[in-house]
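Chain identifiers are assigned alphabetically (A, B, ...) following the order of the sequence lines, protein sequences preceding nucleic acid strands; residue numbering begins at 1 within each chain.
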Protein chains: 6
Amino acid sequence: MTNYVYITRRVVFSASHRLYSRHLSEQENWDIFDKCSRAKGHGHNFELFVTLKGIPDPVTGMVMNLSTLKTILQEHILDPMDHRFLNDDIAEFKDLLPSIENLVIVVWNRLKPHLGELLYEVKIIETENNFAFYRGE
Amino acid sequence: MTNYVYITRRVVFSASHRLYSRHLSEQENWDIFDKCSRAKGHGHNFELFVTLKGIPDPVTGMVMNLSTLKTILQEHILDPMDHRFLNDDIAEFKDLLPSIENLVIVVWNRLKPHLGELLYEVKIIETENNFAFYRGE
Amino acid sequence: MTNYVYITRRVVFSASHRLYSRHLSEQENWDIFDKCSRAKGHGHNFELFVTLKGIPDPVTGMVMNLSTLKTILQEHILDPMDHRFLNDDIAEFKDLLPSIENLVIVVWNRLKPHLGELLYEVKIIETENNFAFYRGE
Amino acid sequence: MTNYVYITRRVVFSASHRLYSRHLSEQENWDIFDKCSRAKGHGHNFELFVTLKGIPDPVTGMVMNLSTLKTILQEHILDPMDHRFLNDDIAEFKDLLPSIENLVIVVWNRLKPHLGELLYEVKIIETENNFAFYRGE
Amino acid sequence: MTNYVYITRRVVFSASHRLYSRHLSEQENWDIFDKCSRAKGHGHNFELFVTLKGIPDPVTGMVMNLSTLKTILQEHILDPMDHRFLNDDIAEFKDLLPSIENLVIVVWNRLKPHLGELLYEVKIIETENNFAFYRGE
Amino acid sequence: MTNYVYITRRVVFSASHRLYSRHLSEQENWDIFDKCSRAKGHGHNFELFVTLKGIPDPVTGMVMNLSTLKTILQEHILDPMDHRFLNDDIAEFKDLLPSIENLVIVVWNRLKPHLGELLYEVKIIETENNFAFYRGE
């Protein structure tokens, strides 16, 4: 037994987005995305849960210092995404629809270079009725 | 003792807004509203709680049939506000800043003609860390 | 300033009930209560919040020892109502419809003899979308 | 990396049930199920989380359109189970005890024909203190 | 109608305390406070809700800029109370038992000089099953 | 298909702890643990989720009777840890730092002899922003 522990940090950001594809007609966009496709967007309080998997350090008892993780999340996720319009303000969404499914992948890809093998899961709650998670599979 | 009971119905809508005043300079807007003033807005899952105060009907046990209240909320609040940009899509915010404080007043004023003396309180949770309520005082 | 403090204790019970009146026809019951009127009832996890208003004791710092309140709630509310069918198992509902509005009054009336002037409010959350409270007004 | 994303939809239904086995004596039923075995049942607000695992569509960004999933859940779970007495109203529970463990299996089996390989997990929160999930293992 | 709006800010702090009075015997302390009286204390995540009542500014739409309130709460409540042992670290509790009832009064008294007539209510959730609030009555 | 179901029981306990290592200097402790290292500790409401994985009994519909699990949790976790100072009151923490990562391992190790192969996961929520879980890997 290697004592792998999973540790999760939650942060919240408020942003807006629009579900709309240039590759679909107006009618198709409405049929698929309904009110989520309205031109000026709408918003959510996005709750982001980042889970690391690792072995606690024998001295500090930590998989990773959560204040370090907090700094990484601030710089790579909160500063660029909090109080923003995701479609226009996030480079990855220039040609990618900012659905919650794609958002968890984008967040994973932004964090991966800084967390490496420790990164286990990125989960985002969009509303109390739907959320998504991604494990790099 | 008249047996006044308070009954609350919760509904949730996702919308975006921008905190920005035409009567202030760019710098003043930033100083006051910070990232909330960014041009393209940001969003929230707004949780609306509408509380009625009345005497339960002796036969039905109801202050008001909540399915009637649900219909009123759908027509006067959710249809116009859900998945919208409040600044542009809500007439009252043409000349009024859509702060959470003003939003509870606007929702109250929209509901008052339909709920009359039964209406006791309108409360809106904007984020887990701030909310406002209004009692028509 | 007299230093009145409000202190609240929450307990949860799971029960079932049926919204149906013998004074109404089958059709009227369906029109008013819809699926809540089905013959075999349905259930909820009822969250009960009992709020007392009083002056903290100078030595103990307590308005009332919450373990005493806990005992009162166990005996007068939880034992008779938890894991019960409210329509049949609670005497007050023999001739009174067990709506959430009437339930807060019934709970108040059961607690009042034991809490006297300290009792300020009885609130019950029936579902995440509706709750009621009563203040003996 | 194939970009498998997990997406979850939550719905809530209020129902009642009774934990009682015809294959056990009255005393055995009480010893095992205690107050959960009372004859007229009791109820809960059941929170159901259905998780799909799939690859987001390159155009729509969706694993499955959640409005389609919503329709499936309405027809196969909410219409038959919401505001019902599970023991009598759900065919699978004629000879199966409606424990939370069996309920997640029953819900899985009802959804599987409509969701196929996308279906990853069915989870139900019965009370704030207990929940179950099933992954078809 | 003067348009008084209530606006609430939530902050969370983690602290420990011990319910024990020097004016009571060991036995009396145990009888009254039970395990809450153990010598080394125990802790909670205290959720503090500060509610202001005022008229929104016609230009900014704000009763008070919440970033100002945040600064006041940081300086007068969080810095001295977060990750502290309340009995020893908070001057007011040298001769006052740090019950949740007394804690809401102490927080009110610390905030009152900075918030004046705007201050309406101080509420603290100690556990999911008990909380207290104070309105300066 | 063997019908493995996962069943989770939640319990809550309030305790205090201090993050501080005798193997580090005062300055190192502060640099790593910051305010969590203060001498008198601080506290949390710890939410513990214990998940079992097993096949429901054909008669009772249960993986394990949750009242049995409740008794095990009471004896081996709540009695020793609730309203305690973890550093001093829990033997395992004499030479082990009581971080949330180590706490889930300690709880797992205390439960394992009583739950055997059924034990699947131990999860503890320390604050709304961080939690850890352990699966005996």
Side-chain angles (χ1 to χ4, degrees), chain E residues 9-20 26 29-49 73-91 93-94 97-100 103 123-132, chain F residues 9-20 26 29-49 73-91 93-94 97-100 103 123-132:
Chain E
R9 175 87 192 163
R10 184 186 81 119
V11 293
V12 182
F13 60 97
S14 295
S16 55
H17 66 164
R18 180 197 186 191
L19 304 188
Y20 179 87
E26 290 302 307
N29 271 292
W30 185 258
D31 290 346
I32 294 171
F33 302 111
D34 201 77
K35 60 190 175 186
C36 297
S37 68
R38 284 192 183 121
K40 297 189 175 179
H42 62 278
H44 303 288
N45 302 315
F46 292 96
E47 287 182 78
L48 166 62
F49 297 78
L73 295 177
Q74 186 66 44
E75 182 177 349
H76 299 284
I77 308 300
L78 297 185
D79 285 349
M81 294 194 182
D82 188 26
H83 284 74
R84 302 279 188 179
F85 183 53
L86 298 180
N87 301 54
D88 288 3
D89 295 340
I90 301 299
F93 292 125
K94 291 299 179 218
L97 202 134
S99 67
I100 188 68
L103 185 55
K123 174 178 162 179
I124 300 181
I125 298 180
E126 189 176 47
T127 74
E128 63 191 15
N129 292 327
N130 62 288
F131 60 85
Chain F
R9 175 86 193 162
R10 185 187 79 119
V11 293
V12 182
F13 61 97
S14 296
S16 54
H17 67 163
R18 180 195 186 193
L19 304 189
Y20 179 89
E26 290 302 305
N29 271 292
W30 185 258
D31 290 346
I32 294 170
F33 301 112
D34 199 79
K35 60 191 175 184
C36 296
S37 67
R38 285 193 183 120
K40 296 188 173 179
H42 62 278
H44 303 287
N45 302 316
F46 292 96
E47 288 183 77
L48 166 62
F49 297 79
L73 294 178
Q74 185 66 43
E75 182 177 349
H76 299 284
I77 308 299
L78 297 185
D79 284 349
M81 294 195 184
D82 188 25
H83 285 74
R84 301 279 188 182
F85 183 54
L86 299 179
N87 301 54
D88 288 4
D89 294 340
I90 300 300
F93 292 126
K94 291 299 180 218
L97 202 133
S99 65
I100 188 69
L103 185 55
K123 174 178 162 180
I124 300 181
I125 298 181
E126 188 176 47
T127 74
E128 62 191 15
N129 293 326
N130 61 290
F131 59 85

Tell me the closest heavy-atom pair linking Ser16(F) and Ser16(E), and the distance in Å. CB-CB, 3.9 Å
Checking heavy-atom separations under 4.5 Å from chain F, one finds in residues 30-40 of chain E Lys35(E), Cys36(E), Arg38(E), Lys40(E)
Any idea which heavy atoms bring Ser14(F) and Gly43(E) closest together, and the distance? CB-O, 3.2 Å
With rounding to the nearest 0.5 angstrom, report the CZ to OG1 distance, Phe13(F) to Thr127(E). 14.0 Å
Can you sort out the partners of Asp89(E) under side-chain hydrogen bond (donor to acceptor under 3.5 Å, both in side chains), two or more places apart, ordered by chain and number? none
Give me the ring orientation class for His44(E) and His83(F): parallel if the planes are under 30° apart, tilted from 30 to 60°, perpendicular past 60°. perpendicular
Please state whether the side chain, the backbone, both or neither of Asp82(E) comes within less than 4.5 Å of a heavy atom of chain F. both
Quick one: what part of Glu126(E) sits under 4.5 Å from any heavy atom of chain F, side chain, backbone, both or neither? backbone
